[in-house]
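Encoded as structure tokens, the structure appears first; notes follow it.
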2 protein chains.
Amino acid sequence: MPTVSMEDYLKALYHLESRTPRVSTTALARWLHVAPASATEMLRRLAAWQPPLVHYTPRHGATLTPEGRRLALRIIRKHRLLERFLHDILGFPWDAVHAEAERLEHAVSDEFIRRLAALLGDPAYDPHGHPIPGPDLHLPPVTDTPLLHAPPGVPLVVKRVSDRDPGLLRRITELGLHLGQRLIVLERTPYDQLLHLQLEPGGGRAVVGPRLAQSIFVQQVEPPITPPPAAPLEAHR
Amino acid sequence: MPTVSMEDYLKALYHLESRTPRVSTTALARWLHVAPASATEMLRRLAAWQPPLVHYTPRHGATLTPEGRRLALRIIRKHRLLERFLHDILGFPWDAVHAEAERLEHAVSDEFIRRLAALLGDPAYDPHGHPIPGPDLHLPPVTDTPLLHAPPGVPLVVKRVSDRDPGLLRRITELGLHLGQRLIVLERTPYDQLLHLQLEPGGGRAVVGPRLAQSIFVQQVEPPITPPPAAPLEAHR
DNA sequence: CCCACAATTTAGGCAACCCTAAATCTGGAG
DNA sequence: CTCCAGATTTAGGGTTGCCTAAATTGTGGG
């Protein structure tokens with residue numbers, strides 16, 4: 001695999017921080033497919049940066065500093081705008097844009113990105129539904145949840161899908177799912193091993209396993225003010 | 001300055017070979033702004049490649065092998081298509097596209113270039129008038145000559161300009177010159193120190209020194225047999 | 001024909017990445 | 001409160017580039 005740059009480490013830290021406030025060396029290494037020792041080395045470098053890009057306490061993980069977060073978001077902006085370009089203008093399928101953008105994001109200048117954003121009409125989301133940080137690097141709040149944890153019986157919309165695994169994206173497409181797709185969770189088998197879905201409109205059916213259900217993010221369609229008092233099917237978490 | 005990759009060495013060798021069949025270490029090093037020792041090192045590596053990318057005789061310079069030339073042309077194709085894109089679609093001024101393309105050419109995939117070429121309508125020339133190798137890496141024969149050596153008194157057209165020096169490009173623009181510009185060499189002072197030009201139509205005048213005159217390539221207007229290929233899309237800004 | 005000088009290569013180092021194998025911590029089970 | 005397994009870091013190397021300084025070598029002028 002191609003070598004991983006400092007920028008990739010910042011991006012990875014940013015993504016991982018949304019799950020755990022402190023990111024462990026191992027989690028970082030696994031995310032980037034490098035050896036733990038390589039992650040340690042880079043964390044030391046990032047912490048030694050002037051100004052520091054991470055707070056790093058050996059053996060206790062790391063967090064991005066504001067400056068580190070700023071740099072991470074700049075790259076994420078580049079990445080997602082490039083994905084829009086690759087998809088909308090060059091016509092790449094959505095399972096191919098990630099890998100291509102991954103290489104380009106390190107090569108494009110800020111000026112390039114300014115012009116590209118203007119050309120694309122300052123899009124707010126990438127082809128997988130991830131929000132694109134604005135020029136000021138702001139992001140809208142997250143309002144979707146993994147399909148895996150979505151309540152059954154209520155109408156949902158697909159808002160976002162993970163993009164790192166092309167195979168996953170292809171499977172999602174094959175299931176007839178796409179951004180904006182409406183669906184309802186009909187039934188979940190014990191331990192969330194399988195989710196039975198009804199796609200709307202058209203009433204198609206689909207069954208997804210937990211890995212897929214964790215990679216698809218949905219939102220309720222009629223934003224509920226009052227949760228239905230009727231006893232719902234038991235909710236697993 | 002950013003680090004220079006193996007691909008850059010191949011490109012440099014390709015360009016330099018059009019001047020001297022055998023390229024010296026020093027010429028290569030100067031072209032890439034690296035120390036001679038760095039060029040020596042890379043020549044050894046390129047010659048040790050499997051298959052060899054250069055024929056290298058220590059102390060007597062190097063030549064590209066067919067395989068090396070093929071790789072060089074692939075990158076040049078990427079570079080020039082990217083320049084067209086940056087200029088025509090993103091609106092970069094023509095003195096800025098080279099530097100940007102220089103970074104991007106190493107990051108884009110072949111698939112990206114296929115799609116980009118289609119989007120652009122398979123252009124034959126980059127914004128500076130350099131021919132773009134086709135997918136088969138073929139190039140049209142060179143039919144232009146440096147303005148410096150153009151005959152006086154006959155109508156000429158600007159066909160191509162060197163692109164490595166943004167300052168030069170800016171000066172060319174300021175002089176009122178652009179691709180397709182018609183002109184006549186009125187007079188050359190001894191030793192080609194200065195060329196007096198008449199621009200047509202409009203009859204403007206310009207005086208250029210030898211450096212500029214060597215960076216501008218022209219062709220006589222009443223073309224011998226072959227009609228000039230379609231000029232690249234509109235002129236730069 | 002020789003020798004000095006310019007061109008080139010060699011020697012020895014540095015930076016950013018990577019890895020494996022061998023220490024060394026840390027935290028949770030008992 | 002101990003002890004161990006897993007997590008992490010350290011040690012020692014590798015690769016692609018780059019550089020300076022010190023040999024070399026080839027060649028053109030005398």
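Letters A, B, ... mirror the listed sequences (proteins, then strands); counts begin at 1.
Phosphate contact (OP1/OP2 of C/dA7, side-chain N/O of B/T25, threshold under 4.0 Å): absent.
Taking both residues in full, the closest heavy atoms of B/A117 and B/R77 are given as CB-NH2, 3.7 Å, listed atom of the first, atom of the second, then distance.
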Report all interatomic pairs (protein N or O, nucleotide N or O of nucleotides 22-25 of chain D) with separations under 3.5 Å.
unit_1	atom_1	unit_2	atom_2	d
D/dT24	O2	B/R59	NH2	3.4
D/dT25	O4'	B/R59	NE	3.2

Look for any protein N or O under 3.5 Å of an N or O in nucleotides 15-17 of chain C and output each such pair with its distance, or none.
unit_1	atom_1	unit_2	atom_2	d
C/dC17	O3'	A/T3	OG1	3.3
C/dC17	O3'	A/V4	O	3.0

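Annotation: cation-pi geometry satisfied between A/R115 and B/F92 (NZ/CZ under 6.0 angstrom from ring centroid, within 45° of ring axis). Judged by a 6.0 Å distance limit and a 45° cone about the ring axis, B/R164 is positioned over the six-membered ring of B/W31.
For the pair A/H60 and A/A35, nearest-nucleotide mapping onto DNA chain C gives the more 5' position to A/A35.
Remark: side-chain polar atoms of A/R22 are paired, donor with acceptor, to backbone N or O of A/H60 under 3.5 angstrom. Counting only distance, with no hydrogens or angles, the side chain of B/R103 and the backbone of A/A107 share a donor-acceptor pair below 3.5 Å.
In this structure, B/R44 atom CZ and D/dT15 atom P are separated by 15 Å, rounded to whole Å. If you take CG of B/L10 and P of D/dG17, they are 10 Å apart, rounded to a whole angstrom. Straight-line distance from the NE2 atom of A/H33 to the P atom of C/dC18: 13 Å, rounded to whole Å. The distance between atom CG of B/L43 and atom P of C/dA7, rounded to the nearest whole Å, is 16 Å. The separation between B/R22 atom CZ and C/dA7 atom C1' is 15 Å, rounded to whole Å.
Side chain to side chain, B/R114 and B/S109 fail the donor-acceptor criterion of an N or O pair below 3.5 Å. Counted by atom type alone, A/W49 and A/T65 present zero donor-acceptor pairs between their side chains at under 3.5 Å. With no hydrogens or angles considered, a side-chain donor-acceptor pair links B/D8 and B/H106 at under 3.5 Å.
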